[in-house]
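Here the structure comes first, spelled out in C-alpha cells, and everything after it is commentary.
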Amino acid sequence: MKTPFVTFMAFLICMANVNGQIKKTTAPQPEYLNAIYFIRQDSLFMVEKVQAEMKNKTKALGFGGSEAGYFIEGPKSPFRINVNDRMQFAVKLNSSMMDPTMMIKLYRFESGKYDREAILGGGGGMFNKKKDVGIGVEVPCNIHKSGSDVFVITPGSTLSSGEYGFLNMMMMTASGSKPKYTVFAFGVDQ
C-alpha cells in the first residue's frame, strides 16, 4: 500500500524539480500601448515614431502613370539596427483588439533625397514602363503572444540593408483628404 504513495510523491518531487528548470521566454514589458520597441538582449528601445502620409502621385500629367503609397519626411531613420542583429520587436496591444497581423504591417521604404516612400501600387499612363510597382514592399512577419498583452514580431525573412517601418493601421489621423498613419521606422545597416 505504501509503494503507490511513495511512487506518487517521488513523481511530484521530480516534476517540481523539472518545472523549476524550464525557462519561460517572455519579452520585456513595453512602457506604452501600441508603440513598437526593438528587443536587444533583455532591453527595449523604441524605434523612431513618425507620421506617414498616404499620397497619390501622378507623373507627367498622368501620361507617366500614377503611384500610391506611404511617404515619410526625411531620407533615413535615426534609429539604426545592424543587419546581423536578431530582429525581434515587441508591442503592447489591448487584448480585446483585433488580430495583430491585421493591424501591424512592416513595409520596406525606399530612401529618396528628402523622404522615404513605400509605393503600394500604381499603373496606367502611356509612358509608364514599371511592371513591378508595389511588389516586395510589404514584409511578411511572424507574430506571437508573449504574456497577456505583449506580442513579439519577427520578420519572416532576413532584412537587407535599407529603411523599414511598422505601420499601425489603427493609428490613423485625417488631415484634409490625406490620411496620416503612425509609423515606427528604423534602418538596417551592414
Side-chain angles (χ1 to χ4, degrees), residues 23-30 32-55 57 67-93 95 97-113 115-123 129-147 149-172 181-190:
K23 285 187 178 179
K24 294 181 180 168
T25 57
T26 56
Q29 279 288 358
Y32 300 107
L33 193 65
N34 295 323
I36 305 285
Y37 294 83
F38 177 65
I39 302 172
R40 182 175 283 138
Q41 295 164 354
D42 288 335
S43 299
L44 294 177
F45 300 91
M46 188 188 295
V47 299
E48 177 191 25
K49 182 179 176 183
V50 294
Q51 292 290 307
E53 191 172 351
M54 181 104 181
K55 291 184 191 177
K57 289 181 12 180
E67 296 177 333
Y70 301 110
F71 295 82
I72 300 173
E73 286 184 17
K76 290 187 173 211
S77 172
F79 191 89
R80 312 307 292 174
I81 301 171
N82 188 291
V83 73
N84 295 321
D85 286 345
R86 184 174 182 193
M87 299 286 174
Q88 282 194 319
F89 301 86
V91 61
K92 183 184 213 178
L93 298 172
S95 58
M97 306 272 292
M98 64 174 50
D99 178 7
T101 61
M102 300 302 292
M103 292 173 28
I104 298 172
K105 304 287 184 183
L106 178 60
Y107 291 102
R108 179 178 175 87
F109 284 80
E110 292 299 321
S111 182
K113 190 172 184 179
D115 63 4
R116 290 164 269 174
E117 58 184 40
I119 302 300
L120 303 178
K129 303 286 187 219
K130 289 186 178 179
K131 300 286 185 209
D132 59 352
V133 175
I135 295 174
V137 174
E138 185 176 341
V139 179
C141 290
N142 301 313
I143 300 178
H144 69 273
K145 201 167 188 177
S146 174
D149 55 357
V150 176
F151 293 86
V152 174
I153 306 167
T154 308
S157 60
T158 303
L159 298 182
S160 59
S161 295
E163 300 297 314
Y164 296 88
F166 286 102
L167 188 129
N168 189 331
M169 303 304 282
M170 301 303 286
M171 296 176 76
M172 183 201 55
Y181 293 88
T182 299
V183 174
F184 294 90
F186 61 97
V188 176
D189 297 322
Q190 284 287 15

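All residue numbers in this chain count up from 1 along the given sequence. Everything numeric in this text was worked out from a predicted model, so none of it was measured.
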Report summary line: Note: R108 and V139 closest approach over all heavy atoms is N-CG2, 4.3 Å
Requested in this report: Report the distance from atom OG of S77 to atom CZ of F109, rounding to the nearest 0.5 Å.
Outcome: 10.5 Å
Query raised in the report: Is the number of heavy atoms from other residues, nucleotides or ligands within 6.0 Å of OH (Y32) greater than 12?
Result: no
Query raised in the report: Got a second to check how far L120's CG is from E67's CD, nearest 0.5 Å?
Result: 10.5 Å
Query raised in the report: Does the ring center of Y181 lie less than 6.0 Å from the ring center of Y70?
Result: yes
**Report entry** Non-hydrogen side-chain atoms of T182 and F184 separated by less than 4.5 Å
**Finding:** yes
Query raised in the report: Taking all atoms of both residues into account, what is the closest heavy-atom pair of G156 and N142, and its distance?
Result: CA-ND2, 4.0 Å
Query raised in the report: Between T101 and I143, which heavy-atom pair has the shortest distance, and what is it?
Result: CG2-CD1, 3.8 Å
Query raised in the report: Taking C-beta and beyond as the side chain, do F38 and F186 meet within less than 4.5 Å on heavy atoms?
Result: no
Requested in this report: Supply the atom-to-atom distance L44 CG to I36 CD1, rounded to the nearest 0.5 angstrom.
Outcome: 11.0 Å
Report summary line: For A118 and Y107, the nearest pair of non-hydrogen atoms, with its separation, is CB-CB, 4.2 Å
Query - pair F71-I119: side-chain heavy atoms closer than 4.5 Å - result: yes
Requested in this report: For K105 and V137, run side-chain contact (heavy atoms from CB on, under 4.5 Å): C-alpha distance rounded to whole Å, both residues' side-chain angles, the deciding distance at 0.1 Å, then the answer.
Outcome: CA-CA 10 Å; K105 304 287 184 183; V137 174; over 6 Å; no
Query raised in the report: Which heavy-atom pair separates Q41 from I39 by the least distance, and what is that distance?
Result: O-CG2, 3.6 Å
Query raised in the report: What's the spacing between N34 CG and L93 CG if we round to 0.5 Å?
Result: 5.5 Å
Report summary line: In this structure, CD of Q88 is separated from NE2 of H144 (nearest 0.5 Å) by 6.5 Å
Query - Side chain proximity check, P30 to V91, heavy atoms < 4.5 angstrom - result: no
**Report entry** Pairwise side-chain contact, L106 with P155, heavy-atom cut-off 4.5 Å (strictly under)
**Finding:** yes
Query raised in the report: Within a strict 4.5 Å, meaning less than it, do heavy atoms of the M169 and M102 side chains meet?
Result: no
Query raised in the report: Are the side chains of M87 and I81 in touch, meaning some heavy atoms are under 4.5 Å apart?
Result: yes
**Report entry** Heavy-atom pair of closest approach, residues V50 and A185
**Finding:** CG2-CB, 4.3 Å
Query - Test side-chain hydrogen bond (donor to acceptor under 3.5 Å, both in side chains) applied to R80 - qualifying residues, sequence neighbours left out - result: E163, D189
Report task. Output yes when a side-chain donor or acceptor of Y37 lies under 3.5 Å from a complementary backbone atom of S43, and no otherwise. Result -> no
Query - Atom pair CD/CD1 of E53 and I72 - distance to nearest 0.5 Å - result: 11.5 Å
**Report entry** Backbone N/O of G74 and side chain of R116: donor-acceptor pair under 3.5 Å
**Finding:** yes
